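Below: one structure, written as structure tokens.
Basis for what follows: all heavy atoms, side chains included, without hydrogens, waters or symmetry-related copies. Nothing here was measured: the structure is a model prediction, and the numbers come from that model.
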Amino acid sequence: MASLTTAQARRIAVAAQGFHEPKPGGAVARAHLRRLISRIQVLQLDSVSVAVRAHYAPVFSRLGPYDRDVLDRAAWSHTARSPRLLVEYWAHEAALMAVEDWPLLRWRMREYTHGRWGTEIVRKNPKLAEDIVAAVAQLGPSTAGQIEAHLEAEPRGRKGPWWGRSDTKWVAEALFASGVFTTATRVGFARHYDLTENVLPPEVVSREVDDDEAIRELTLRAATALGIGTEPDIRDYFRLGAKQVKPAIAKLVADGELEPVDIEGVPAYLRSGQTVPRRDRGTALLCPFDPLIFFRPRVERLFDFHYRIEIYTPAPKRQFGYYVWPFLLDGQLVGRVDLKRTDGALHVVGAFTEDGQDRSRVAPALAGELRTMAAWLGVDDVTVGRNGDLAAELGQSLHR
């Protein structure tokens, strides 16, 4: 069994996610996006928009300041000349994934026949599920509110609806989780549900994949996106279970797709064919849901970087801030910034360096990334608050 240092494993991980390559920036096209998705597999969705919504950020971090319309069109529109590239599903958490990969999660859709949450509501309301499907078939892409309004307008034989006001949303979400619905588009981040067969190509909807084959493929894709990882690392990428992943890994090792390795005493698996970069490379701001860092135990193990999102922590108890972006500089996590976009500026609420890092090195590099991000978000300035040991020096770097 090969042995690797933590530094070598970290370089493999950063390169596997595409941070070692030049950024095309404003020249980003659909082909760049397709290649990126084939590498990292998922773009996690999240409703928080204090700086920019989570699914836009990993593309910026790897490709530079691109036109977000490229991603919007790939995810939520379809034309003959530009077919839909991405589809929403519970691939990690709620995430965008390649359309052609949707059948790999049919086994999960069967597990979610009555939804992911609120299953008792769905089980008690089979007629409501039928009515919601019929409503969407009639209306076309619709929000839960539009579906509910339509059903309330239908004659019931008595005044008012016969379900709880929130039930429509629960059941619509269950129909999404079970694969009956998918997201046709989003407007103001509100999901517009439609019948899956109206959104995805017939060959995708009709494709059946054996469950074991699907799990092996997802396991391989996770290992490829990670470059190197422990079994729990690999399992987390698509939120797979231990009973699913253990035999999948064993088969992939036997087939030569994965190689067991040791990372300073920690057993892990290297994607076969991966080379160990000779030096640390990659500079980017990372949103909290970036695939490089969304499994926090791996971040701590490879980068010696303790990271927790503090959105739900009361403000007085937050250590670093509300929506904190780790800063990757030359392949290492060297600091973090709490960011907020205002009408005219990208505001740094707080800026912090990791122990042992040189602020005179981190501050100018971070300033450059923040200027690029501000321009990408369409604001004219970067302002800095007082929080954190890096704030003063960052402010000076921004005004040089």
So which pairs with a foot in [range] pass salt bridge (charged side-chain N to carboxylate O under 4.0 Å, His left out), sequence neighbours left out?
range: residues 38-61; result: Glu21-Arg39
range: residues 71-87; result: none
range: residues 172-181; result: Lys169-Glu173, Glu173-Arg191
range: residues 211-229; result: Asp101-Arg221, Arg110-Asp211, Glu217-Arg221

hydrophobic_cluster_shared for [Y] and [X], side chain cutoff 4.5 Å:
X: Ile215; Y: Tyr237; result: yes
X: Tyr112; Y: Trp117; result: yes
X: Leu370; Y: Tyr66; result: yes
X: Leu339; Y: Phe327; result: yes
X: Leu85; Y: Met97; result: yes

Separation between [atom1] of [X] and [atom2] of [Y], rounded to the nearest 0.5 Å:
X: Leu86; Y: Thr183; atom1: CG; atom2: OG1; value: 12.0 Å
X: Leu328; Y: Gln17; atom1: CG; atom2: CD; value: 10.5 Å
X: Thr353; Y: Leu390; atom1: OG1; atom2: CG; value: 5.5 Å
X: Arg359; Y: Glu393; atom1: CZ; atom2: CD; value: 6.0 Å
X: Thr383; Y: Leu398; atom1: OG1; atom2: CG; value: 9.0 Å
X: Asp290; Y: Ile40; atom1: CG; atom2: CD1; value: 7.0 Å

Would a 4.5 Å heavy-atom cut-off, applied to side chains only, mark [X] and [Y] as touching?
X: Leu96; Y: Leu45; answer: yes
X: Leu195; Y: Val133; answer: yes
X: Ser61; Y: Phe19; answer: yes
X: Glu148; Y: Leu151; answer: no
X: Glu88; Y: Trp76; answer: yes
X: Gln332; Y: Val14; answer: no
X: Arg68; Y: Leu377; answer: yes
X: His192; Y: Arg186; answer: no

Is it true that, when you exclude Arg308 itself, more than 12 heavy atoms of the residues, nucleotides or ligands shown sit nearer than 6.0 Å to its CZ?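 Enclosed.
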Within a reach of under 6.0 Å around CZ of Arg278, are more than 12 heavy atoms found that belong to other residues, nucleotides or ligands? no
Are the side chain of [X] and the backbone of [Y] linked by a donor-acceptor contact shorter than 3.5 Å?
X: Ser82; Y: His78; value: no
X: Arg34; Y: Arg30; value: no
X: Asp338; Y: Tyr323; value: yes
X: Arg106; Y: Asp210; value: no
X: Ser142; Y: Gly140; value: yes

Only pairs under 3.5 Å count here: list side-chain donor-acceptor contacts from residues 292-304, not counting sequence neighbours, and write none if there are none.
{"residue": "Arg296", "atom": "NH1", "partner": "Pro288", "partner atom": "O", "Å": "2.9"}
{"residue": "Arg296", "atom": "NH1", "partner": "Ile293", "partner atom": "O", "Å": "2.8"}
{"residue": "Arg296", "atom": "NH2", "partner": "Pro288", "partner atom": "O", "Å": "3.1"}
{"residue": "Arg298", "atom": "NH2", "partner": "Leu226", "partner atom": "O", "Å": "3.0"}
{"residue": "Arg298", "atom": "NH2", "partner": "Ile228", "partner atom": "O", "Å": "2.7"}
{"residue": "Glu300", "atom": "OE1", "partner": "His306", "partner atom": "ND1", "Å": "3.2"}
{"residue": "Arg301", "atom": "NH1", "partner": "Asp233", "partner atom": "OD2", "Å": "2.9"}
{"residue": "Arg301", "atom": "NH2", "partner": "Asp233", "partner atom": "OD1", "Å": "3.0"}

Where do Lys317 and Glu310 land on the salt bridge (charged side-chain N to carboxylate O under 4.0 Å, His left out) test, with the steps shown first? CA-CA 9 Å; Lys317 295 184 178 181; Glu310 298 181 273; over 6 Å; no
Who else is in Val187's hydrophobic cluster (ILVMFWY, side-chain heavy atoms under 4.5 Å, direct or via others)?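 Its cluster mates, by chain and number: none.
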Would you name the heavy atoms of [X] and [Y] that are closest together and state the gap between them?
X: Ala367; Y: Leu394; result: N-CD1, 3.8 Å
X: Glu259; Y: Ser272; result: N-OG, 4.0 Å
X: Gly229; Y: Ile234; result: O-CD1, 3.9 Å
X: Gln146; Y: Leu139; result: O-CD1, 4.3 Å
X: Val379; Y: Thr342; result: CG1-O, 3.7 Å
X: Tyr269; Y: Pro260; result: CD2-CA, 4.0 Å

Run the ring pair (Phe, Tyr, Trp, His ring centres under 6.0 Å) test against Phe320 and tell me which residues pass, sequence neighbours left out.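 By the ring pair (Phe, Tyr, Trp, His ring centres under 6.0 Å) rule, Phe320 matches Phe352.
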Tyr193: ring pair (Phe, Tyr, Trp, His ring centres under 6.0 Å) partners, not counting sequence neighbours: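 With neighbours one apart ignored, the set is Phe181.
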Listed partners of Val205 passing side chain to side chain contact (heavy atoms under 4.5 Å, CB included), at least two apart: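 Partners of Val205 by the side chain to side chain contact (heavy atoms under 4.5 Å, CB included) criterion, ordered by chain and then number, come out as Thr196, Leu200.
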With Arg10, which residues qualify under side-chain hydrogen bond (donor to acceptor under 3.5 Å, both in side chains), at least two apart?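 Listed in chain order: Asp280.
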Partner residues of Asp330 under the side-chain hydrogen bond (donor to acceptor under 3.5 Å, both in side chains) criterion, sequence neighbours left out: Arg361
How far apart are the C-alpha atoms of Arg235 and Glu231, what are their side-chain angles, what is the distance that settles it, and do they pass the salt bridge (charged side-chain N to carboxylate O under 4.0 Å, His left out) test? CA-CA 6 Å; Arg235 205 166 67 220; Glu231 184 221 297; 2.4 Å; yes
For the pair Phe305 and Tyr307, name the ring-plane relationship: parallel under 30°, tilted 30 to 60°, perpendicular over 60°. tilted
Just do the side-chain hydrogen bond (donor to acceptor under 3.5 Å, both in side chains) check on Ser360 and Asp358 with the steps written out, would you? CA-CA 5 Å; Ser360 66; Asp358 181 357; 2.6 Å; yes
Ring centres under 6.0 angstrom apart (Tyr89, Trp102): no
Applying salt bridge (charged side-chain N to carboxylate O under 4.0 Å, His left out), name anything that partners Arg116, two or more places apart in sequence or on another chain. Glu93
